[in-house]
Amino acid sequence: MTDSALLPPVLPVAAVTVEAVAFGALALVAVSCALLSALAPRIVHAAFGLLGTFLGVAGLYALLGADFLALAQVVVYVGGILVLLVFGVLLTARARPRLGRESRPAVLVPSLVGGLVFAGLLAATLGTGWRTAPPGEPRPTTADLGRALLDPSRQLVAFELASVLLLAALVGAAYLVRRRRDR
Amino acid sequence: MSIPLEAYLAVGALLFAIGIAAVLSRRNAVAVLIGVELILNAANLNLVAFDRYRGGIAGQTFALIVLAIAAAEAAVALAIVLNVFDTHDEIDVDEVDALKG
């Protein structure tokens, strides 16, 4: 306490500003790209909007001190899921001329529902007195994550269930897209 | 740490609402999946933010598990979409109504 009181006040202010600017920029990227991916008439553009959202959210993870999760987000979402989605777009783009450029859907009801959901969530967020602990210095989280995931008294069960789920998804996806002999 | 927890929760809520609107408004099945990914990302952002402001690591482990589930969901959902496209020549979710009573 005494040490920080002795420091010139300009240092914490500068750190605060940098963090606030980084948060604002990352949140702006994430939200505007999410809007693009929700509204773009072409599905490929929507997929690229999703890329920006994934990267923005990964940056927010990094800002929250979740270094391993930020990298996992980039590897799994950008490297895996997004590539899968683009494959889906490209493989389904040939059937009818309007596919890949979908007919303009009803916008009023979905945006109304989305706005209501956002208003409700925001009201609940601001109306709740969150008992937050002042966050400490960010530390590397990889070792802690590994211990938590393999500790039987913590998240080992969820970890093993996720492994089984991934195996089931692998088998199921391979079964669904296999080439049938009878056609 | 100057940014309040509520700021992260507001970003998460915004992403969630945009995802809901995308799922409701889109008719291309792949675009609906894009909306689902937005929703999952919003939930994950909340988990990590709570983790940071409460101490501990449980939120991050669950965010990792959500990540794994999202990968499995995307793989299976795309397999289903491709299968429907194969059999019906159609990925508009309003047109695939063969099971409608």
Side-chain angles (χ1 to χ4, degrees), chain A residues 16 19-20 23 27 30-31 34-35 37-38 43 46-47 50 53 57 60-61 64-66 69 72 76 80-81 84-85 88-89 91-92 95 99 102 105-107 110-111 113-115 117-118 121-122 125-126 130 132-135 141 144-145 148-149 155 158 162 165-166 169 172-173 176-177, chain B residues 1-3 5-11 13-22 24-28 30-31 33-35 37-38 41 44-45 48-49 51-55 57-58 60-65 67-72 74-76 78-83 85 89-92:
Chain A
V16 161
E19 194 181 356
F23 173 80
V31 169
L35 279 175
S37 70
I43 308 301
L50 202 61
T53 303
V57 172
L60 288 176
Y61 289 167
L64 285 165
L69 206 57
V76 174
I81 294 175
L84 220 58
L85 284 173
V89 173
L91 284 175
T92 55
L99 284 184
E102 61 179 343
V107 174
S111 50
V113 172
V117 165
F118 176 61
L121 285 175
L122 200 63
T125 298
L126 297 179
W130 302 104
T132 55
T141 57
D144 288 343
L145 272 175
L149 282 175
Q155 275 91 34
L165 177 82
L166 279 177
L176 280 174
V177 296
Chain B
M1 204 63 164
S2 64
I3 302 162
L5 171 64
E6 285 83 354
Y8 287 100
L9 296 187
V11 175
L14 201 50
L15 289 181
F16 186 82
I18 294 172
I20 291 272
L24 288 179
S25 69
R26 292 293 197 172
R27 297 167 68 189
N28 184 316
V30 179
L33 287 180
I34 288 178
E37 299 302 334
L38 283 178
N41 253 278
N44 254 0
L45 183 61
V48 178
D51 220 23
R52 177 80 177 130
Y53 287 86
R54 296 274 308 176
I57 199 108
Q60 285 188 39
T61 56
F62 273 96
L64 267 180
I65 286 165
L67 210 74
I69 292 174
V76 173
L78 272 172
I80 292 173
V81 168
L82 289 183
N83 233 10
F85 180 67
D89 225 24
E90 184 70 73
I91 59 166
D92 190 326

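Model, not experiment: these values are computed from the prediction. Only this structure's heavy atoms are used, side chains among them; waters, hydrogens and symmetry mates stay out. Order of the sequence lines sets the chain letters (A, B, ...), proteins ahead of strands, with each chain counted from 1.
- The most heavy-atom pairs under 4.5 Å with chain A, out of B:Ile18, B:Ile69, B:Val76, come from B:Ile18.
- Heavy atoms closer than 4.5 Å to chain A are found in the side chain of B:Ile20, but not in its backbone.
- Across B:Leu82, B:Val11, B:Leu78, the residue that shares the most heavy-atom pairs under 4.5 angstrom with chain A is B:Leu78.
- Both the backbone and the side chain of A:Val31 come within less than 4.5 Å of a heavy atom of chain B.
- In this structure, the portions of A:Thr141 lying under 4.5 Å from any heavy atom of chain B include both its backbone and its side chain.
- Using a 4.5 Å cut-off between heavy atoms, A:Leu84 contacts chain B through both its backbone and its side chain.
- Heavy atoms of B:Asp51 lying under 4.5 Å from chain A are absent altogether.
- Inter-residue side-chain proximity for A:Leu64 and A:Phe23 is flagged as unmet; no heavy-atom pair is nearer than 4.5 Å.
- When each of A:Ala162, A:Ala30, A:Ala66, A:Ala27 is scored by its heavy-atom pairs under 4.5 Å with chain B, the top score falls to A:Ala66.
- Two residues are said to be in side-chain contact when any heavy atoms from C-beta on lie closer than 4.5 Å; B:Asn44 and A:Tyr61 meet this criterion.
- B:Ile80 CD1 to A:Leu176 CG: the interatomic distance, rounded to the nearest 0.5 Å, is 5.5 Å.
- Contact of the B:Glu37 side chain with the A:Leu85 side chain is registered, since non-hydrogen atoms from C-beta on lie closer than 4.5 Å.
- Using a 4.5 Å cut-off between heavy atoms, B:Leu15 touches chain A through its side chain atoms alone.
- With a 4.5 angstrom heavy-atom cutoff, B:Leu45 touches chain A via backbone and side-chain atoms both.
- To the nearest 0.5 Å, atoms CZ (B:Phe85) and CG (A:Leu91) are separated by 8.5 Å.
- We find the CD1-CG distance between A:Ile81 and B:Leu67 to be 6.5 Å, quoted to the nearest 0.5 Å.
- Between atom CG of residue A:Leu122 and atom CG of residue A:Leu126 there is a gap of 4.5 Å, rounded to the nearest 0.5 Å.
- You'll find the side chain of B:Arg26 reaches within 4.5 Å of the side chain of A:Ile43, heavy atoms only.
- Looking at A:Thr125, its side chain never comes within 3.5 Å of a backbone N or O of B:Ala10 through a donor-acceptor pair.
- Proximity to chain A involves both the backbone and the side chain of B:Ile34, based on heavy atoms less than 4.5 angstrom apart.
- Contacts with chain A were tallied for B:Ile65, B:Leu24, B:Leu14; B:Leu14 has the most, counting heavy-atom pairs under 4.5 Å.
- Comparing A:Leu69, A:Leu60, A:Val57 by how many heavy-atom pairs each has under 4.5 Å with chain B, the most go to A:Leu69.
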